[in-house]
Each structure stands twice: as C-alpha cells, then as structure tokens.
Amino acid sequence: MSATVTFKVPTPHGPQSVTLAYSRTGGGEPLLLMHGIGHHRQAWDPVISALAAERDVIAVDLPGFGESEALPALMPHDLPTMSAVLSELCRALDIERPHVAGNSLGGLLALELGREGLARSVTALSPAGFWSQAERRYAFGVLLSMRQVARRTPAPVVERLARTAVGRTVLTSTIYARPARRSPAAVVAETRALARAERFTETLRSGRDIQFTDDVTGIPVTVAWGSRDRLLVPRQGVRAKYVIPRARLIRLPGCGHVPMNDDPALVARVLLDGSR
C-alpha cells in the first residue's frame with residue numbers, strides 16, 4: 001500500500017509538520033526500510049515480496065526525496081533531525097521500536113536509531129559514516145557527478161538509454177554491480193528521482209563532518225557490504241566492525257553499493273536473519 005502521512009516533529013522553534021510518503025505491506029514484526037541519498041523507496045522493490053512474507057514492511061521516502069516533501073525551512077536535513085523525524089514517523093504509524101534496515105545514508109540512519117534505543121535490531125547495507133576523509137571526498141564527488149548527469153540528461157535520452165543493457169550500465173553502474181539486471185522502468189524512475197531530489201545538496205552537505213564512532217549496544221546489529229561496492233569501498237565495513245564489535249559483518253559477493261537488485265535472495269535473507 002502506497003500512502004502519505006503527516007505528523008508533528010518537536011523542534012526548538014515549536015512543533016513542525018512533516019509529510020512523508022511510504023509503502024506498507026506484509027505481516028509480522030515491523031521492519032522499516034530506508035534508502036540512500038538521491039534514491040527513493042522503490043530501491044527496495046526487489047526484496048519487498050520476500051520480506052513481506054515474514055515482516056510488516058514499511059519502506060519510506062526520506063524527507064526531500066522520492067515522493068516525500070522536504071522538511072520545513074526551520075528544520076535542517078541533518079542526522080539528528082532525520083532521526084527525530086523517523087522516530088515520529090513510527091509513532092504516527094503506531095509502530096513501536098521496529099526492526100530497521102537501511103542502505104548508505106539509510107544505513108547510517110538505521111545505526112543512529114539503534115544507538116538511540118529506538119530499534120529492535122539494525123541491518124545496515126554499506127552504511128555511510130565509516131569513511132576516511134579521502135574516501136568521503138571521493139564518494140561525495142561521485143554523487144555530485146551522478147546528480148549532474150541525472151539533471152542534465154533529457155528525459156527522452158534517459159528513456160532511450162534505459163532500453164539497452166549498455167545504456168543501463170552507463171546510467172547506474174556506479175551503484176549496481178549488475179546494472180543490466182535493473183529494469184528499464186526502474187532505471188528511468190530512479191534517474192528521475194535523483195534529478196528531482198529536492199534536498200540532495202543540503203543533505204549531502206550535512207554529512208561532511210559525520211563519522212559514526214559510537215557502539216550500538218543491547219540489540220542485534222548486522223553490517224553487510226557488497227564486495228564490488230565502488231562508492232563506499234568494502235574496507236569501511238572493517239572499520240564498522242571495529243566501532244561496533246558485537247555486530248555481525250557480512251560480505252555480499254558480487255554486489256555493488258545498492259545490493260538489493262544485484263542479489264535479491266541474498267539481501268532478503270540477510271535482512272530477515274538480521275531482524276529476528
């Protein structure tokens with residue numbers, strides 16, 4: 001089910017209204033899914049049906065991305081604010097301490113929710129925040145280039161490229177190890193989502209000084225990294241394990257930065273095992 005929800009978020013300037021788009025399907029314990037910067041909730045589509053067989057799956061468009069509205073002007077698109085927004089989202093949807101999973105920026109948010117005691121478990125796929133400064137600058141440069149290409153390429157050209165395996169590789173090989181497997185419609189939709197991401201620059205800028213350095217205790221934590229991640233290189237997973245020593249570190253063979261489409265069965269299994 002695709003829907004929107006509007007709720008209030010406490011801020012130093014008083015309660016602010018936030019409207020987010022989400023989809024919800026399945027049954028069982030709740031599992032909240034969060035995408036990466038510039039993406040949208042449909043990034044999870046390849047694994048939704050497998051997850052929904054055992055979980056109440058909520059996939060959300062983060063503020064300013066996909067179909068979700070940007071945050072009000074008085075609210076920055078930074079980590080503490082995003083965490084507060086997601087906490088209030090769960091309250092609005094009557095979800096108490098869900099399992100949380102995220103990819104890239106979403107993985108960082110999942111870990112932050114776990115650190116704050118707001119999650120039953122955390123599964124983070126190539127989470128942001130475990131980079132060196134050189135690795136962060138490289139990743140931000142790549143993301144900015146992808147954004148420029150998405151904004152400058154006319155829609156008919158994107159549609160024409162998406163019809164062929166070579167074209168899909170040109171458009172998405174930075175984040176997928178097997179871009180030819182992505183459907184043409186999905187490639188067009190996610191290229192459009194990246195081009196239209198209302199708060200891309202502000203969200204990226206807020207990550208310049210982020211380094212995840214706190215342990216996440218008291219709940220199961222899984223960190224999984226694609227062996228062919230070209231955006232956040234796999235050695236960052238070793239750093240994550242050092243910061244969160246009780247975390248289960250899993251290698252995703254043959255997967256890129258957004259692994260859900262590269263190996264849906266493996267990723268679904270990791271998500272289900274991590275949310276038990």
Side-chain angles (χ1 to χ4, degrees), residues 1-4 21-26 33-53 57-62 64-68 101-107 125-126 139 142-200 204 224 226-232 252-271:
M1 178 188 72
S2 179
T4 59
Y22 69 98
S23 61
R24 188 170 189 175
T25 187
L33 302 177
M34 295 165 286
H35 60 78
I37 188 170
H39 225 150
H40 55 177
R41 68 181 188 272
Q42 287 83 358
W44 298 98
D45 282 356
V47 298
I48 289 290
S49 60
L51 298 177
V57 183
I58 305 98
V60 62
D61 279 330
L62 295 174
F65 298 99
E67 297 175 310
S68 286
N103 173 225
S104 198
L105 167 62
L125 310 177
S126 294
V142 171
L143 288 167
L144 286 168
S145 296
M146 290 174 62
R147 161 86 159 166
Q148 289 174 353
V149 169
R151 296 184 73 181
R152 293 176 180 175
T153 307
V157 175
V158 171
E159 292 170 3
R160 188 161 60 250
L161 286 170
R163 294 189 195 112
T164 68
V166 172
R168 293 194 292 278
T169 299
V170 169
L171 290 170
T172 65
S173 61
T174 304
I175 59 173
Y176 298 118
R178 301 178 175 114
R181 292 187 179 182
R182 200 77 172 127
S183 75
V187 169
V188 170
E190 62 194 356
T191 303
R192 183 180 298 121
L194 178 57
R196 296 178 178 177
E198 192 174 349
R199 288 293 185 266
F200 178 91
L204 192 67
S227 65
R228 295 172 61 188
D229 192 330
R230 298 173 57 192
L231 188 64
L232 300 180
L252 303 175
C255 290
H257 182 63
V258 181
M260 295 83 80
N261 193 77
D262 287 330
D263 194 336
L266 173 61
V267 172
R269 188 74 267 152
V270 168
L271 292 167

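Treat the numbers as computed from the prediction; the structure is a model and nothing was measured.
Under the side chain to side chain donor-acceptor pair (under 3.5 Å) criterion, R41 pairs with S2, D61, E67, not counting sequence neighbours. Residues that satisfy the side chain to side chain donor-acceptor pair (under 3.5 Å) test with D262, not counting sequence neighbours, are absent from this structure. Among residues two or more places apart in sequence or in another chain, the salt bridge (charged side-chain N to carboxylate O under 4.0 Å, His left out) test is passed with R163 by none.
Between atom CE of residue M146 and atom CZ of residue F200 there is a gap of 8.0 Å, rounded to the nearest 0.5 Å. Rounding to the nearest 0.5 Å gives a distance of 9.0 Å between CG of L194 and CZ of F65. Atom CG in L252 sits 7.5 Å away from atom OG in S227 (nearest 0.5 Å). The CE atom of M34 lies 10.5 Å from the CG atom of L125; values are rounded to the nearest 0.5 Å.
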Distance-only criterion, 3.5 Å: show the donor-acceptor pairs between side-chain atoms of residues 263-270 and protein atoms not counting sequence neighbours.
residue : atom : partner : partner atom : Å
D263    : OD1  : L266    : N            : 3.2
R269    : NE   : D273    : OD1          : 3.3
R269    : NH2  : D273    : OD1          : 3.3

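With hydrogens and angles ignored, the 3.5 Å screen pairs no side-chain donor or acceptor of R228 with any backbone N or O of C255. Side-chain atoms of S68 come within 3.5 Å of backbone atoms of A21 as a donor-acceptor pair (strictly under, hydrogens ignored).
Here the side chains of H35 and N103 are not in contact, with every heavy-atom distance at 4.5 Å or above. The shortest side-chain heavy-atom distance between R230 and V142 does not fall under the 4.5 Å cut-off.
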L161/T191 under side-chain contact (heavy atoms from CB on, under 4.5 Å): CA gap, chis, key distance, verdict | CA-CA 11 Å; L161 286 170; T191 303; over 6 Å; no
Taking it one step at a time, do V258 and L231 satisfy side-chain contact (heavy atoms from CB on, under 4.5 Å)?
-> CA-CA 10 Å; V258 181; L231 188 64; over 6 Å; no
Report the C-alpha separation of H257 and L232 in whole Å, then their side-chain angles, then the decisive distance to 0.1 Å, and conclude whether the side-chain contact (heavy atoms from CB on, under 4.5 Å) test is met.
-> CA-CA 7 Å; H257 182 63; L232 300 180; 3.6 Å; yes
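Contacts classified as side-chain hydrogen bond (donor to acceptor under 3.5 Å, both in side chains) and involving residues 142-161 (residues at least two apart or in different chains) are not found. The salt bridge (Lys or Arg N to Asp or Glu O under 4.0 Å) pairs that include a residue from residues 190-200 are R182-E190, R199-E202, where partners are two or more places apart or lie in different chains.
Of the listed residues (L171, V187, N261, T172), just one forms a side-chain contact (heavy atoms from CB on, under 4.5 Å) with P179, and that residue is T172.
Closest of all the heavy-atom pairs between D229 and S126 is OD2-OG, 2.8 Å. Pairing each heavy atom of G254 with each of A177, the nearest pair is O-CB, 3.3 Å. Closest approach of W44 to L271, counting heavy atoms only: CZ3-CD1, 4.0 Å. Contact record, A180 with A165: CB-CB, 3.8 Å, taken as the closest heavy-atom pair.
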